[in-house]
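Here the structure comes first, spelled out in structure tokens, and everything after it is commentary.
As the structure is a computational prediction, the values presented were derived from the model and not from experiment. To find a chain, count down the sequence lines: A is the first, B the second, and so on, and within it residues start at 1.
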Amino acid sequence: MALGKYDPESVEGKWQRAWTESRCFEVEADPAKPKYYVLEMFPYPSGKIHMGHVRNYSIGDVVARFKSMQGFNVLHPMGWDAFGLPAENAAIKHNTHPAKWTYQNIADMRAQLSRLGYSYDWRRELATCRPEYYKWEQKFFLKFLEKGLAYRKNSPQNWCPGCNTVLANEQVEDGLCWRCDSPVEQKDMEQWFLRITDYADELLKDLEGLEGGWPERVLTMQRNWIGKSYGAELTFQVKDMDETITVFTTRPDTLFGATFMSIAAEHPMVEKLTGDAANKDEIDAFVTRIRNMDRIKRGADDLEKEGVFTGRYCVNPVTGVEMPIYVANFVLMGYGTGAVMAVPAHDQRDFEFAAKYNLPLKVVINPRELSDKGEVLDPADMQAAYSDPGILVNSGQFDGMENEPAKKAVVEHLDKSGLGKMTVNYRLRDWNVSRQRFWGAPIPVIYCDDCGVVPVPEKDLPILLPENAQVRADGRSPLPEMAEFVNCACPKCGKPARRETDTFDTFFESSWYYLRYCDPRNEDAPFDPAKVDYWMNVDQYIGGIEHAILHLLYSRFFTKALRDTGFVSTTEPFANLLTQGMVLKDGGKMSKSKGNVVDPGAMIAQYGADATRLFILFASPPVKELEWSDQGIEGAFRFLARLWRLVEELEGALAPVMPGSYAEPGSDAAKQLRFKEHDTIRRVTRDIENEFQFNTAIAAVMELVNEIYGLKDDLSGEPGALSSAVATAVTLLSPVTPHICEELWRAMGHAEPLAVQAWPTHDEGALVKDQVTLVVQVNGKVRGKFDAPNDAPQDVVKAMAMEQENVVRFLEGKTVRKVIVIPNKLVNIVVG
RNA sequence: GCGGGCGUGGCGGAAUUGGUAAACGCGCCAGAUUUAGGAUCUGGUACCUCGCGGUUUGGGGGUUCGAGUCCCUCCGCCCGCACCA
């Protein structure tokens with residue numbers, strides 16, 4: 001069989017068909033075999049794959065093929081995160097149903113992905129918008145309701161006017177909608193929440209177990225997001241009212257210095273406190289202004305502190321001081337209790353606020369240096385709050401204590417009268433999963449005038465998204481207007497009732513898809529627990545850093561919630577996480593507006609899938625950003641053509657031997673090639689296994705190919721040596737560029753596909769050289785090189801080093817003080 | 001402010017973890033071959049120097065026979081969180 005010219009298109013099509021026909025990537029759970037689950041974050045079916053997808057999925061494919069060749073039973077699935085807004089917006093634009101747009105895009109993208117030759121088990125493909133899929137999350141929701149993990153409440157929520165829906169806290173970035181960048185507003189709404197805060201501590205603690213497997217950056221981001229802080233809740237009596245206000249503070253040790261109180265504009269007490277205030281109008285105007293302020297402005301750190309006095313006071317429980325209560329613009333309802341005891345001497349914000357409104361400062365923490373001198377900080381001298389540690393003063397019985405132990409002592413003192421307790425506070429809020437959009441999974445509850453909120457009985461699932469819905473031009477969901485959807489009978493009393501018209505946040509779907517892949521066609525259950533037990537956890541998860549908090553936190557929570565509702569036994573979904581870097585062009589992100597988008601389809605058409613994969617894996621290590629280079633992909637193509645020509649030239653001489661199989665004594669050239677061959681096996685295996693350093697693994701194969709080119713003429717009489725080395729190069733490269741490698745493997749005479757061959761292992765014996773080259777240094781500077789027998793005795797090596805011509809020159813007239821010998825590597829002669 | 005990461009040729013990036021800095025590739029230069037080529041092959045390519053040699057991993061200092069790698073310090077860049085009480 002003559003190879004002819006390298007034509008990627010025909011080679012790639014041929015092997016893609018061959019893999020499909022041989023079903024070599026289809027796998028089943030088999031407890032007798034070691035498993036490996038490699039998963040790439042599934043795409044949103046936008047219609048077109050981009051270079052980010054190619055990078056993500058190429059990384060995953062190398063891992064999958066490599067592990068498979070190493071003998072693992074590899075689960076490598078692909079599917080579609082198919083609910084979401086773009087489908088709805090496209091449907092509005094083209095006056096069609098979101099499903100139609102979505103399924104068309106899925107078909108298009110599946111075809112594009114297929115052209116890249118990824119080793120997916122396509123039988124497991126899923127789309128989250130299919131009732132067979134979302135049915136099960138409706139069931140999960142019912143279980144969550146039963147367990148109290150889902151609940152409904154009315155509260156101020158993030159409203160995106162651009163998307164016409166609420167957003168979870170995680171979906172608001174710098175006050176803007178994560179999807180459309182509209183400024184997010186606050187709106188009081190009745191919504192469904194999942195109690196992710198119940199898991200705050202576990203989510204935080206279990207991050208320790210992910211150490212090493214997950215990037216430090218992601219762990220840190222999750223820790224910050226959960227935001228655990230230790231402190232106390234202290235309760236203050238409102239003067240002349242039968243009301244109390246509870247604050248959260250990390251500094252209970254400064255309680256004696258609390259001179260006023262600040263509460264958030266959204267605090268439920270505002271109305272009660274100001275009901276009969278003389279300046280009620282002024283207060284209301286202030287509260288309204290702050291509440292309507294856009295989030296970016298309100299969150300800016302240069303925003304001037306301002307507030308308004310409510311006319312009410314509360315009583316400091318330890319000093320009896322009457323503390324004026326202010327509504328202040330810097331107090332957030334979403335953190336702690338929405339009320340802060342103000343200690344202007346020891347908190348910078350309170351300091352600034354006190355200066356503006358002329359409120360008293362009281363020093364209660366004294367710097368140690370001053371205490372040692374018998375002095376006390378004078379409020380009149382203070383230019384800023386003193387927030388460092390110190391010794392308590394002006395604090396009654398606690399005077400003289402260190403402030404750290406005083407925290408506990410003060411709280412214990414208050415605890416006797418029920419006014420204080422140590423608490424832990426989290427920044428994390430419960431997850432709002434309601435969305436006022438159409439293209440999502442319906443939330444399975446019914447509202448009955450008599451019975452209230454009634455869960456849909458399990459037998460009535462799935463609640464289907466109507467196929468005859470007509471999307472509205474204004475973007476609002478058509479569901480509330482659809483009588484046939486809304487009107488239903490109360491499952492409890494049978495009277496007419498109304499169906500919930502909100503749908504789930506799309507992150508609900510992506511929080512468990514990795515479980516469904518284990519058993520995607522199950523019609524009786526979300527998955528067979530035995531299959532999930534076999535395949536889970538995901539051994540290697542690969543995706544973008546943008547999901548560091550959103551999807552990755554939700555999925556971790558979901559796994560724990562499903563564990564507690566009896567669906568799974570695992571507690572963390574993803575053992576190892578690789579966050580791949582972005583693909584850039586001209587130093588920036590590829591975007592339509594910049595006009596710097598490189599279309600993968602065009603690259604594949606011009607250079608082939610193999611060259612595209614090779615370049616994207618070679619140009620940069622996976623975690624780093626990758627700068628797209630048109631010359632770079634050309635170079636990748638050139639290398640493949642060079643490899644092709646090598647096999648073509650040697651074709652008649654090559655025998656279908658296994659990689660690394662040549663072991664005859666042979667000529668020096670054969671020995672040299674054999675060394676390179678086994679060294680390459682060692683390096684490539686190590687580079688892929690340890691750190692996914694595909695770039696250096698590829699470089700190693702290139703070196704081997706260069707070596708074969710250099711030695712081939714000397715080895716024309718030893719075809720076995722050449723055959724073995726070529727087989728090695730082709731095999732080691734095959735996870736990266738599988739098509740061309742299959743073709744060359746076949747050209748060597750092999751009958752079985754390369755994809756199902758065993759990954760080669762190196763022979764230590766081949767790495768032992770008779771002669772080694774050592775470097776001689778004089779005072780740490782390289783002065784010569786020489787060859788010596790492998791593992792020659794130190795004395796011999798030392799003597800040889802000293803005899804080197806150039807070394808002699810540098811030793812002249814000097815005294816040798818010390819000679820350091822690193823066996824088979826280096827000699828350093830220290831002279832003085 | 002808090003936390004995480006990074007800094008190596010013209011460029012992307014290597015360096016078996018303390019042992020020849022710049023592997024591999026891109027680009028560039030020269031030559032060969034070719035009707036021609038953006039194809040292919042050979043050689044060169046960190047900087048200074050004709051050369052001997054000297055200098056070089058953001059700057060400075062330290063440990064060591066030996067430092068890109070370890071320690072201290074300063075500078076710069078990127079990312080995340082942030083009026084968090």
Side-chain angles (χ1 to χ4, degrees), chain A residues 173-174 215-225 227-229 231-232 247-251 254 258 262 264 298-305 328-332 334-343 346-350 352-353 387 425-427 545 548-549 614-615 618-621 623-636 638-639 641-642 645 679 682-683 686-687 690 693 695-706 709 773-785 806 809 817-832:
Chain A
E173 295 166 353
D174 293 331
E216 200 52 44
R217 192 154 63 124
V218 176
L219 296 176
T220 305
M221 283 166 74
Q222 293 218 351
R223 285 192 185 105
N224 289 344
W225 188 261
K228 184 178 189 175
S229 63
V247 302
F248 172 75
T249 178
T250 54
R251 294 296 302 272
T254 63
S262 309
R298 191 169 170 186
D301 38 345
D302 56 353
L303 183 72
E304 198 188 340
K305 315 240 167 321
N329 64 345
F330 63 88
V331 181
L332 307 172
Y335 185 78
T337 61
V340 186
M341 70 173 201
V343 186
H346 304 294
D347 180 280
Q348 186 57 27
R349 290 155 307 180
D350 297 341
E352 288 169 30
F353 196 85
S387 46
N425 189 58
Y426 296 94
R427 215 181 74 99
I545 186 80
I549 299 188
L614 178 65
F615 169 70
F618 177 61
S620 183
V623 294
K624 274 200 163 188
E625 291 184 335
L626 181 146
E627 172 74 27
W628 182 266
S629 154
D630 291 335
Q631 284 158 339
I633 190 169
E634 212 149 327
R638 268 206 301 270
F639 169 72
R642 185 168 140 86
R645 284 195 308 274
D679 191 43
R682 187 183 62 85
R683 283 169 64 187
R686 186 197 62 205
D687 288 352
N690 292 359
Q693 304 255 9
N695 54 331
T696 50
I698 293 163
V701 177
M702 287 174 168
E703 283 185 49
L704 174 60
V705 171
N706 290 343
Y709 261 103
T773 303
L774 286 97
V775 170
V776 199
Q777 298 181 331
V778 178
N779 284 350
K781 288 204 194 318
V782 179
R783 298 300 180 192
K785 275 179 207 184
N806 199 37
R809 268 183 51 213
R817 301 202 183 276
K818 207 180 196 180
V819 179
I820 285 133
V821 178
I822 307 297
N824 292 341
K825 209 158 232 171
L826 162 148
V827 180
N828 189 10
I829 303 166
V830 185
V831 298

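Within the 4.0 angstrom heavy-atom criterion, no nucleotide atom of any strand lies near A:Pro215. Among the protein residues, A:Asn706 comes within range of the sugar-phosphate backbone only, with heavy atoms under 4.0 Å from sugar or phosphate atoms but none that close to a base. Counting any heavy atom pair closer than 4.0 Å across all strands shown, A:Glu627 reaches no nucleic acid atom. When heavy atoms are screened at a 4.0 angstrom cut-off, A:Val830 is found touching the sugar-phosphate backbone but no base atom.
At least one side-chain heavy atom of A:Asp350 sits under 4.5 Å from a side-chain heavy atom of A:Phe330.
No side-chain donor from either of A:Arg817 and A:Asn779 sits under 3.5 Å from a side-chain acceptor of the other.
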Could you go through nucleotides 15-22 of chain B and list every protein N or O atom that sits under 3.5 Å from one of its N or O atoms, giving the distance for each pair?
| from | atom 1 | to | atom 2 | distance (Å) |
| --- | --- | --- | --- | --- |
| B:rU20 | O2 | A:Lys785 | NZ | 3.4 |

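Between A:Lys781 atom NZ and B:rC65 atom C1' there is a gap of 13 Å when expressed in whole angstrom units. One atom, CE of A:Met221, and another, P of B:rC78, lie 17 Å apart when rounded to the nearest Å. Rounded to whole Å, the distance from CD1 on A:Ile549 to C1' on B:rA82 is 12 Å. Between the NE2 atom of A:His346 and the C1' atom of B:rC84 there is a distance of 20 Å, given to the nearest Å. The distance between atom CD of A:Gln631 and atom P of B:rG25, rounded to the nearest whole Å, is 16 Å. In this structure, A:Gln222 atom CD and B:rC81 atom P are separated by 13 Å, rounded to whole Å. Whole-Å rounding puts the A:Phe618 CZ to B:rC26 C1' distance at 9 Å. In this structure, the CE atom of A:Met702 is 13 Å from the C1' atom of B:rA14, given to the nearest Å.
The side chain to side chain donor-acceptor pair (under 3.5 Å) search around A:Asn824 returns A:Asn790, A:Asp791, not counting sequence neighbours.
With both pairing distances under 3.5 Å, B:rG18 is matched to nothing as a Watson-Crick or G-U wobble pair. Pairing partner, B:rC52: none, since no Watson-Crick or wobble contact has both distances short of 3.5 Å.
Ranking B:rC81, B:rA14, B:rC79 by closeness to the A:Arg217 side chain, first place goes to B:rC79. Proximity note for A:Lys305 (side chain, C-beta onward) versus B:rA23, B:rC83, B:rA85: the nearest is B:rC83.
Across the P atoms, B:rC71 and B:rG4 are found 15 Å apart, a figure rounded to whole Å. Taking the C1' atom of each, B:rC48 and B:rC26 are spaced 26 Å apart, rounded to whole Å.
A glycosidic torsion no more than 90° from 0 defines the syn conformation; B:rU34 lies beyond that range and is anti.
Phosphate contact (OP1/OP2 of B:rC84, side-chain N/O of A:Arg349, threshold under 4.0 Å): present. One finds no side-chain N or O of A:Ser629 lying less than 4.0 angstrom from the OP1 or OP2 phosphate oxygen of B:rG12. Residue A:Asn695 places at least one side-chain N or O under 4.0 Å from the OP1 or OP2 atom of B:rA14.
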Handout entry: Sequence-aligned protein contact record of nucleotides 37-53 of chain B, with B where the base is within under 4.0 Å of a protein heavy atom and S where only the sugar-phosphate is
Key = --SSS----------SS
Exercise for the section: Check step by step if side chain to side chain contact (heavy atoms under 4.5 Å, CB included) holds for A:Val705 and A:Met702. Expected result: CA-CA 5 Å; A:Val705 171; A:Met702 287 174 168; 5.7 Å; no
